[in-house]
Each structure stands twice: as structure tokens, then as C-alpha cells.
Amino acid sequence: MRAAEPVLRVVVLENSPPMSYRDETGQLTGFSVEIARALCQEIRANCAFDVADQSTLLDTVAKGKADIAAAAVFETAERRGRLLFAKPYYRSLSLWLARPDVVPGRSGIRVAVVHGSAQEDYARRQGWEMHQVRNNADLAGVLLGGEAKAALVPMISALQLQKSDPFRRLGLAPTVLRAPELSGDASFGISSRRPGLREEINAALDRIKRNGTYDRINSRFLPFRVS
Amino acid sequence: MHAGRAFGFLAALFVLAFGLAVVLLAMDQQRVIDANAHLEEQTVPEIIRYQRLARNLEQLRQEGERIFAVSSHASRQQSMFVVTMIASHPSVLEHPGAAKLARETEQFLGEVVRQSVRDEQRPAIHYQEWQRLASRLGVQVDDVSIEGINLATSDLNVAADAMRLARYKLIIALLLVGLFLLAFIVLVRRHLIQPLQRIDHALSNLSAASPLPDFDTSRMLEIQAVEEAIREHHDLLIQNEQARQVLEKLANKDGLTGLMNRRFFMQSAEAELQRAQRYRRPVTVAMADLDFFKKLNDTYGHAAGDAVLCAFADLVRDSSRQSDLVCRYGGEEFAFLFPEISPTEAEVLAERLRASCANAEIGLPDGRTVKVTVSMGLADASECPIEIALKHADDALYEAKRLGRNRVVLGA
């Protein structure tokens, strides 16, 4: 197999540590990226990685410009029409981050969300005032800058935010939102032009969960088991 | 029943029974394969899921320890953050026991962290309580791990049951094979080997003299056919023997008189003479000749001569003993052998024959009657060969003729 002719085109996020980011050498890495790499290895496919924003990620795959979106995508009815979903590769939940007295849904509170995320969809449906950012890395900025008083984020993003001192000093408390569309199974999106690929990926996922590869990647990037 | 059909039927039954056993065994094997597949595809992932839950509970405990160990509020907050997420994570929520304990842990640690904001020393007060909670978490970790591992037990039991069942079926199948082989051997022995042995025995002893072999009629048509053939062969042997005896008699008799012929007389006389000489028993021979037979032939014709010869033969048969040998020696000449009596005693017998012949009225074919006389010469045969003895008797006959015929002369 020649590298010039990649069998699989994998598109990932670039600014969502610890799920998907560039390390100090500029290499793409993170939980989602490494799981995608392990799957490629498992199905013996030559994978070429490319990056996209949260807002364009699914479109890239839906339009057939990439075969796999290696990011946590919640399966929704609307999305099911556009692309295929692999078996869940981890289970997530969403956190409302705000000062303890700021409860979700309170009017006049601007909520920071990543553009194109499930959290944005949810906030829109709730009719909340939103402040959209391009990626998870920009969340801390808008909260610190006061453009938003709260954030609705996936748990892993919240974990990452929690690591920075300035953010912690804001004294935002996490509240788990129990809405079904905000928690549960997160999967890779697969181009509907590659229907056979889903079965291959699913079988490979089962295998790496059994053979320990998955858990090693889990331990490397995340503080607890997310499956 | 045809042997081929019977054995074919048995073989078909065997193939059917053995095929059934193989199918049953294959089904058990499939059950083991299915149980294995279930173990690999369903149970092992489930076990791993329990392992991950255990790992998360352990993480919960470690984060709790960290909250008590560190002095920095930021670190406590960070740990508390992880605790919140673990306690709310679906992997924990889906296990009721773990979810309850995690919720309890989250609430307890949350309270500790809140209090520590106000008073840095507060956490130490709750440490004992935490240790109890931590130990419950530890026990829950063990329980969840064991629960997960126990999931395999059911699959393993299914596989073990199937294997056990397969073993019984294998034993039964092997017994079945043994049983069929035994039945096959018994049938071959009873219906083929034993009948063949009987046939072999019957054939080796088969003769016209032996009785008809008694077969227990076989169930096998092929054997029955052979037995029937042996019966027919036996009948044929008897018929042949009878024909042979008739032919032998015909070959030994004189065609006209029914007495022995000369050849057979000589054979029999020589055997009798040897016996008598060996045991030193008396034995006498005689020669007889009808008087003027040529003249009788010329006068009355050959048919009359033949009638006279037959009539004389009848007289001889009537007057001789069972053991006496008599033959038509040639023409009108007859030879005799009298066992167990001396020439003197034989002379009485000869005289009686001569007298009855002389007295007989012999009817001719044309209705006339005629009288015939006979001359006889006797000789002792106890110490010489038959030819010599007959020569002596012939000499005596010649003497009787010379002396005037119709008389008996005892030779030297």
C-alpha cells in the first residue's frame, strides 16, 4: 500500500485536548485520535489524518471528503440521515459550568458553547442566550473575559478547563445536565458512502476493547474509564 | 430373506443410527462453539465493562484520598471535579449499588471540600468517616470485579454441560457401534458361517449310503438354495447307485437262465475258495451237463433248447442252498460250488438235483413236454485252485458220461 493512496481519510479536531490536539512536536494525538489510530491498525488500513473544526467536522464526512470523523459525536435523528455511526467508543455527559448561584436556564445568562456541538443544539432548543466559540480551547477565554457567565460543555472539555489556574479561580461549579441528548453514547461518524466500513470499525472496536489497547489509551489521556 | 438384503438392511440401520449419533454430537459441539462465541462476543466485553466500573470506583476512592491528602484547595477542587464526573458517568449509573455508593461519596466529599474552603483544618475531622466510606468503596470494587467474573460461569457451565452430554452421547454411540458389530458377527456366524460349515460337513460325508443330511432350514435364501442343491445331489447319488447295482447285476448274470455267468462265477468261486482254504473248511465243486442236449436242439429247435435250459436253471435254484454258487458255464454245461460241505455230502445234493431233473416234465413253447437227464461230476476243492478243482469235476463228469449218463460221479 502506498502512502500516496490512503485507504481511509480520517478527520479529527485539533483544539480539543485531551480528546484531540497537537502535542509539543505538532503531532496529532489525544484519546479520539489514538483510538482512531488503533482502529486503523486493527483493520490494517492506511489512514491519513486531517483536521477540521467542530462546525465543519460532520459536513466533511457527510460530503464524502473524509471517511471517518474521529470525534465524539452524539447520534441524533438529524445526523443519522447524513452519516453512519459506529458503535459508541465512549460514554459522555455534559456539564453546566457556572458559579453555584447561576442555575441553568436563568434569563440573562449568556452560555458559552462550541459552535456545531450537541451542547449548542441543546442550548438553542432551550432558548438560552449563547456565546458560540470555535473550539474547546476558546472556552476559557470567553469565561475569563466575562463574555459568558456559564458554559455548557462535554465532560472531557470541562476536565481540561479545570486544569487551568485562571479558570479554577473563576470558582465555577459543575452541574451534570441529565438531558438525554447531552449524555450517553458518543461515536465516530462514518461516511454513508462507505457502509462496509462501519462493520469493520465496529468489529475492530470490539477487539481493541477486549485486547487492552482501548484501556491503555483511556489511561493515557483520561482520569477514569469512559466506556 | 436374501442375505444381501438382510446385511444391507443392517448396514443401513447402522449408518442411520451412527449418523444420528454424529448429528447429535455435532449439535453439542455447536453448543460449545456457540457458548464460546457468546463468551467472547458478549460476556468478555461485559466482564471488561465490570472491570472498568471497578476501576472507576477505585479512582473515586483515590480522588477521595487526594482530597484529604492535599492542602491546596485547587487540587481538592480538581479531584472533586473528577469525583462528580465519575459519580454521574453512565458506566457508574447503570450499576445501582455502585451508583448509590458513588452518589454518597460525591455528596460526602463535596461537603468536605465546601467546608475546607472555610476552614483548612476541617477535612481531618471527617477522615475517619471517609475511611469507612473508602473501605465500603473497596468492598464494592471487589464485589463488582467478582460479579463481572461470575458472568463467565454461566457460559462455562453451558459449555461444560454440552461437553458432558457429548461425552455420554459418544459413549452411547461407541456402544451402539459395538452392539452393531456384535449383532453383525452373530448374524454372519449364525446365518453364513454355521450353515456353510454344515454344508461343508454334509458335502464331505455325502454318499448314496449315508442318510439325507438334515439341515435346519436356513433363513437365508442363498443358503437354502445350496441346501436344496445338496438334497437334489443326494437323490441323484442314490439313483446312480441303484442304476449301478442294476447294471452290475446285468453284467454278472447269464442272459438266458438268470444264473450267474461264468466270469462272475469264477470271481465269486475263487473268493469263496480262498476263504474256505484259509479257514480249512470243506468245499466242493461240480460240473453238470444236460444229456443229449444237441440232439434235443436238433429235434425240437433252439427255442425248445432254451426252454429246457431255463427249466433246468429253475430246478437248480429250487434245490440249491442260499450259499451255493451256480452258473451257466457254457452251452448246456453248468458249474457249481458248494461251500461248507465235503464231496460226499455234496453228492447227496447233486443226486437230489439229478433225480428231480430226471423226473421233471419240461413244457416246451409249442406245448409239448420233454424229459431231460443230467450228468454231474463232483470234486473236492479244499486244497487246490479253482481251475484245477473244476478240471477234476469235469473229469468226473466225463466219467459219468462214459458210464452211461444220468448219473453223479465223485471225482478224485
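Excluded from the calculations below are hydrogen atoms, water molecules and symmetry mates; all remaining heavy atoms, backbone and side chain alike, are included. Chain identifiers are assigned alphabetically (A, B, ...) following the order of the sequence lines, protein sequences preceding nucleic acid strands; residue numbering begins at 1 within each chain.
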TODO: Output every pair passing ring pair (Phe, Tyr, Trp, His ring centres under 6.0 Å) with a member in residues 88-119 of chain B, not counting sequence neighbours, ordered by first then second residue.
DONE: A:Phe224-B:His89
Open item on the list: Within residues 178-189 of chain A, which residues come under 4.5 Å of chain B, heavy atom to heavy atom?
Closed with: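 A:Arg178 fall under the 4.5 Å cut-off.
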Under 4.5 Å from any heavy atom of chain B, what part of [X] do you find: side chain, backbone, both or neither?
X: A:Leu97; value: side chain
X: A:Ser219; value: side chain
X: A:Ala158; value: both

Among [options], which residue has the highest count of heavy-atom pairs closer than 4.5 Å to chain A?
options: B:Pro45, B:Ala87, B:Ser91; value: B:Ser91
options: B:Glu58, B:Gln59, B:Arg52; value: B:Arg52
options: B:Arg55, B:Glu63, B:Gln77; value: B:Arg55

Give a yes or no on this: more than 12 heavy atoms of other residues, nucleotides or ligands lie within 6.0 Å of atom [atom1] of [X].
X: A:Arg124; atom1: CZ; value: yes
X: A:Gln41; atom1: CD; value: no
X: B:Gln128; atom1: CD; value: no
X: B:Arg189; atom1: CZ; value: no

Open item on the list: Looking at every heavy atom in both B:Ile48 and A:Lys209, which two are closest together, and how far apart are they?
Closed with: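 Of all heavy-atom pairs spanning B:Ile48 and A:Lys209, the closest is CD1-O, 3.3 Å.
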Task: Least distance between heavy atoms, B:Phe81 atom then A:Leu159 atom - done: CE2-N, 3.6 Å
- [ ] May I ask you to name which of A:Asn218, A:Val226, A:Thr175 has the most heavy-atom pairs under 4.5 Å with chain B?
- [x] A:Val226
Open item on the list: Determine whether a donor-acceptor pair (N or O, by modelled atom type, separation under 3.5 Å) exists between the side chain of A:Arg210 and the backbone of B:Glu40.
Closed with: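 Confirmed, A:Arg210 side chain pairs with B:Glu40 backbone.
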Open item on the list: Using the rule given for side-chain contact (heavy atoms from CB on, under 4.5 Å), can you reason through A:Leu93 versus B:Met85, listing the C-alpha separation, both sets of side-chain angles and the distance that settles it, and then say yes or no?
Closed with: CA-CA 8 Å; A:Leu93 45 92; B:Met85 273 187 288; 4.3 Å; yes
Open item on the list: Does any backbone or side-chain atom of B:Leu57 lie under 4.5 Å from a heavy atom of chain A? Answer side chain, backbone, both or neither.
Closed with: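 Answer is neither: B:Leu57 stays 4.5 Å or more from chain A.
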Open item on the list: Rounded to the nearest 0.5 Å, what separates atom CZ in A:Arg168 from atom OG in B:Ser75?
Closed with: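 One gets 6.5 Å once the value is rounded to the nearest 0.5 Å.
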